[in-house]
Amino acid sequence: MTNEYIPFLSKIKEIVKHTETEYTFRMTYVGEVRPGQFFEVSIPKYGEAPISVSGIGEDYVDLTIRKVGKVTGEIFELNEGSSFFMRGPYGNGFEKENYQGKELIVVAGGTGVSPVRGVISYFGEHPDEVKKLHTILGFKSPSDILFREDLKIWEQQMELILTVDFADDDSYRTGLVTKYIPELELDNIHETAAIVVGPPVMMKFAVAELLKLGMKEEQIWISQERKMCCGLGKCGHCRMNDTYICLDGPVFCYSEGKKLFD
């Protein structure tokens, strides 16, 4: 029986630089994993950090990491062929069965695009499994945009709205993601599903706009980005009320997830 607390060594297959502080590390991994789940990544003496899965392959997972502290700072010093430790995957992830056969809306902001990248790519490649796919992605500025190569593909596969908070030229849409939700042309509001991931304030107002369209709370899913420590519900660091985000989430139907905002 394997010990869930013991990390395994994973090799860096590829590094993709998105911005000065955000890279995607393609890590060797074979096993079941779903978009929305996360791994704990670690380097001895520096600690560990929870990182969402941003891509899934037969023998790898993508982890899109922002350089924000000791552990991530050390990981950014590594090169392709180097290794670091991982344990997981943890959490529940996004179940594609919740969205199949429906008109799907994905709204994500900033690093919140990482956990939904796998969902967007899957339904972009399997358009017959959803009635329509609407994707609204928001970033602070053009220099903060992630997954540019994916965006080129996605704009061919779905209705894609890419917006930035501000830009120096008029080649970008500007404004918050909430500005574009009322403009969505939906066929039947009762046969839609939505995924909203991003900073808590953004999720709150994006969900409010979806509810104004006539969606019900049960049709909307969110992912809580609260910092997880042990990943196994033992340390209590991510506990909110009686819910452990690492075990019961991080993906929640909004009817439940709305109770879990700080």
Side-chain angles (χ1 to χ4, degrees), residues 16-24 26 35-36 51-56 62-67 94 96 99 102-127 129-187 192-210 212-213 215 220-223 225 251:
V16 177
K17 179 180 177 181
H18 302 295
T19 71
E20 289 304 314
T21 57
E22 286 153 321
Y23 295 3
T24 291
R26 179 158 290 182
I51 305 293
S52 295
V53 172
S54 63
I56 301 164
D62 288 342
L63 303 177
T64 300
I65 300 176
R66 176 183 277 178
K67 186 180 179 182
F94 293 100
K96 62 179 182 285
Y99 318 111
K102 298 174 183 174
E103 200 166 346
L104 177 59
I105 306 161
V106 180
V107 184
T111 53
V113 178
S114 295
V116 297
R117 179 185 174 220
V119 179
I120 298 169
S121 293
Y122 178 83
F123 286 114
E125 293 164 7
H126 300 84
E129 294 190 24
V130 285
K131 292 183 176 175
K132 261 189 199 172
L133 179 54
H134 312 268
T135 303
I136 306 175
L137 306 178
F139 298 94
K140 282 185 180 177
S141 71
S143 63
D144 294 302
I145 293 172
L146 306 177
F147 309 118
R148 290 177 183 271
E149 293 304 309
D150 292 307
L151 294 172
K152 292 175 189 173
I153 297 168
W154 293 347
E155 65 184 5
Q156 306 297 321
Q157 295 175 330
M158 64 198 73
E159 181 194 4
L160 174 66
I161 297 171
L162 176 66
T163 180
V164 293
D165 293 354
F166 59 88
D168 294 330
D169 61 68
D170 56 6
S171 61
Y172 290 92
R173 285 187 172 106
T174 57
L176 303 177
V177 291
T178 48
K179 171 183 174 183
Y180 296 94
I181 293 173
E183 299 176 10
L184 292 173
E185 295 183 6
L186 303 172
D187 293 338
T192 60
I195 296 170
V196 181
V197 186
V201 172
M202 171 244 148
M203 289 199 292
K204 178 182 175 183
F205 286 102
V207 168
E209 290 297 329
L210 292 167
K212 282 183 197 173
L213 294 178
M215 291 190 77
I220 303 169
W221 278 260
I222 62 172
S223 178
E225 292 291 288
V251 177

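Counting heavy atoms from C-beta on, the side chains of L133 and P127 never come closer than 4.5 Å. The shortest distance between side-chain heavy atoms of L146 and R117 does not fall below 4.5 Å. The shortest side-chain heavy-atom distance between Q157 and F123 does not fall under the 4.5 Å cut-off. Proximity of E149 to V16: side-chain heavy atoms (C-beta onward) are nowhere separated by under 4.5 Å.
Residue pairs meeting the salt bridge (Lys or Arg N to Asp or Glu O under 4.0 Å) criterion with at least one partner in residues 177-187, sequence neighbours excluded, are K132-D187. Each ring pair (Phe, Tyr, Trp, His ring centres under 6.0 Å) pair with one or both residues in residues 134-168, not counting sequence neighbours, appears once here: H18-F147.
Looking only at distances, a side-chain donor or acceptor of T163 sits under 3.5 Å from a matching main-chain atom of G175. Listed for the T135 side chain is no donor-acceptor partner under 3.5 Å among the backbone atoms of L160.
Rounded to the nearest 0.5 Å, atoms OG1 (T192) and NZ (K102) are 8.5 Å apart. Put simply, CD1 on I105 and CD on E159 are 9.5 Å apart, with the number rounded to the nearest 0.5 Å. Remark: K212 NZ to I181 CD1 distance equals 9.5 Å, nearest 0.5 Å. Separation of atoms CE (M202) and CG (L176) is listed at 9.5 Å; rounding is to 0.5 Å. Separation of atoms OH (Y180) and CG (L162) is listed at 9.5 Å; rounding is to 0.5 Å. Rounding to the nearest 0.5 Å places CD1 of I136 at 10.0 Å from CD of E209.
Across S143 and S141, no two heavy atoms sit closer than the pair OG-OG, 3.0 Å. Scanning all heavy atoms of the two residues, the minimum distance from E155 to K152 falls at CG-O, 3.3 Å. Among all heavy-atom pairs drawn from T64 and S54, the shortest one is OG1-OG, 2.8 Å. For the residue pair A167 and P142, the shortest heavy atom distance occurs at CB-CG, 3.9 Å. The two residues A206 and V196 have their closest heavy-atom pair at CB-CG1, 3.8 Å. Closest approach of M203 and V197 over heavy atoms only: SD-CA, 3.9 Å.
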Exercise for review: Check the pair D144, D165 against side-chain contact (heavy atoms from CB on, under 4.5 Å), reporting the backbone distance first and the verdict last.
Suggested key: CA-CA 10 Å; D144 294 302; D165 293 354; over 6 Å; no
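Atom OH of Y122 sits in a crowded spot, with more than 12 heavy atoms from other residues, nucleotides or ligands closer than 6.0 Å.
In this structure, F94 and Y99 have tilted ring planes: the angle between them lies in the 30° to 60° band.
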